[in-house]
Amino acid sequence: MNAIVMMESVIVMNSVWYEIYEENKRLDEIFINRYKDSDPEFIRKNGIEFLVELGEFVNETKCFKYWTVKKPDMEKVLDEFADCITILLTFFNYLDLDLENMSSPYDSDNILDVINDTYRLGTELLDNYNEGLVKTIFSNLMHISRLLHIKEEDVMDAIFKKLKIVEERLNSNY
């Protein structure tokens, strides 16, 4: 069963996404308790982190590299995609959002258009993050994964692996 189902231009999330989100929230609380009060730029830095992770993800996809014959390493692609999702879920947590009422993805099958729009929207995370913005970015990311023919189950597995690594790092004072 697909993790995300399209119904009347609204994305409906299944229970695995809620499990991912709850685990991400738990780990976010550790970060927030450790770092937020000591860093007035905490949220803006997370916006920059999202843009960096998005760049690393896009670089691994090689979707814009018309000059290369190398195929993307899907393990690296998934790892970077998981980074994008987990940092974006942090904004869901900051805003106390749920995974309901997600809008349909960007209306284009041109991956470069969707990536460019996601970058543009991602820059808004630096100063003006809000529910609509965060949910639209999430929807765009899901659309990008579909355009790259990435299975949703593989995305969820990669995110769980990433969350486990984050927890290990938190426990070892990384």
Side-chain angles (χ1 to χ4, degrees), residues 2-4 6 10-32 35-36 39 41-61 63 76-106 111 113-148 150-167 169-170:
N2 286 340
I4 302 173
M6 294 296 294
V10 174
I11 297 173
V12 179
M13 309 297 280
N14 79 8
S15 62
V16 177
W17 279 107
Y18 289 97
E19 186 179 341
I20 287 170
Y21 182 38
E22 289 303 315
E23 180 63 10
N24 201 81
K25 278 169 103 172
R26 185 180 70 77
L27 296 174
D28 278 348
E29 292 305 316
I30 296 170
F31 271 102
I32 289 167
Y35 303 111
K36 186 175 182 208
D39 189 347
E41 297 290 329
F42 183 78
I43 293 172
R44 292 185 73 208
K45 287 179 179 179
N46 281 311
I48 292 170
E49 181 182 357
F50 172 77
L51 292 171
V52 168
E53 296 301 345
L54 180 61
E56 290 176 356
F57 164 65
V58 172
N59 188 54
E60 289 298 337
T61 70
C63 66
K76 289 180 181 177
V77 169
L78 285 166
D79 184 60
E80 296 301 342
F81 191 73
D83 286 339
C84 291
I85 295 294
T86 57
I87 192 62
L88 190 62
L89 287 175
T90 298
F91 283 92
F92 274 78
N93 189 18
Y94 292 157
L95 293 167
D96 195 28
L97 303 178
D98 58 35
L99 296 176
E100 300 297 321
N101 302 317
M102 301 290 280
S103 63
S104 61
Y106 192 80
I111 193 163
D113 288 345
V114 184
I115 289 169
N116 285 334
D117 188 58
T118 306
Y119 267 110
R120 182 186 61 75
L121 294 170
T123 62
E124 293 181 33
L125 290 174
L126 302 175
D127 296 309
N128 187 27
Y129 62 94
N130 59 62
E131 178 177 2
L133 174 66
V134 172
K135 287 186 173 188
T136 299
I137 292 171
F138 186 90
S139 295
N140 279 8
L141 288 173
M142 293 297 103
H143 190 52
I144 291 168
S145 71
R146 285 188 293 278
L147 291 174
L148 292 171
I150 298 173
K151 294 178 185 175
E152 292 165 328
E153 295 79 18
D154 292 339
V155 168
M156 291 183 292
D157 289 344
I159 295 169
F160 278 121
K161 286 178 190 173
K162 181 60 64 174
L163 292 172
K164 184 176 180 181
I165 290 168
V166 169
E167 182 165 30
R169 289 177 177 169
L170 283 169

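Source: prediction; values computed, not measured.
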Tell me if a side-chain donor or acceptor on Y119 pairs with a main-chain N or O of G55 at a distance below 3.5 Å. yes
OG1 on T118 to CG on D113, rounded to 0.5 Å: 10.5 Å
Locate the shortest heavy-atom distance separating G47 from L125; write the atom from each residue and the value. CA-CB, 4.2 Å
Closest non-hydrogen atom pair, N130 against N128: ND2-O, 3.4 Å
Would you name the heavy atoms of G122 and L51 that are closest together and state the gap between them? C-CD2, 3.7 Å
Less than 4.5 Å apart, side chain to side chain, heavy atoms only: is that true for L78 and E60? no
Would you call F81 and T61 a side-chain contact if the rule is heavy atoms closer than 4.5 Å? no
Over 60° means perpendicular and under 30° means parallel, so tell me whether F138 and W17 are parallel, tilted or perpendicular. perpendicular
Any idea which heavy atoms bring I144 and I115 closest together, and the distance? CD1-CG1, 3.8 Å
Determine, for D79 against K76, whether the closest basic-nitrogen to carboxylate-oxygen distance falls under 4.0 angstrom. no
I need the L141 CG to E53 CD distance, nearest 0.5 Å. 11.5 Å
Measure across L148 and F57 and return the closest heavy-atom pair with its distance rounded to 0.1 Å. CD1-CZ, 3.7 Å
L27 and side-chain contact (heavy atoms from CB on, under 4.5 Å): which single residue from N93, L163, T90 fits? L163
When rounded to the nearest 0.5 Å, the distance separating CG of L121 from CD1 of I137 is 5.0 Å
Please round to the nearest 0.5 Å and tell me the distance separating atom CG of L89 and atom SG of C84. 11.0 Å
Evaluate side chain to side chain contact (heavy atoms under 4.5 Å, CB included) for E167 paired with K164, printing each intermediate quantity in order. CA-CA 5 Å; E167 182 165 30; K164 184 176 180 181; 5.8 Å; no
So F92 and Y21, would you call those rings parallel, tilted or perpendicular, with 30° and 60° as cut-offs? perpendicular
In sequence, state the C-alpha distance, the side-chain angles, and the governing distance for E80 and V58, and then conclude on side chain to side chain contact (heavy atoms under 4.5 Å, CB included). CA-CA 8 Å; E80 296 301 342; V58 172; over 6 Å; no
Salt bridge present between E22 and K25 (N-O < 4.0 angstrom): yes
Return the CG to CG distance between L133 and L88, rounded to the nearest 0.5 Å. 8.5 Å
Using 0.5 Å steps for rounding, measure from the CG atom of D28 to the CZ atom of F91. 10.0 Å
Which of D83, N24, T86 passes side-chain hydrogen bond (donor to acceptor under 3.5 Å, both in side chains) with K162? Answer is D83
Does a side-chain N-to-carboxylate-O contact under 4.0 Å join R26 and E23? yes
Could you tell me which non-hydrogen atom of L147 sits nearest to which non-hydrogen atom of I111, and how far apart they are? CD1-CA, 3.9 Å
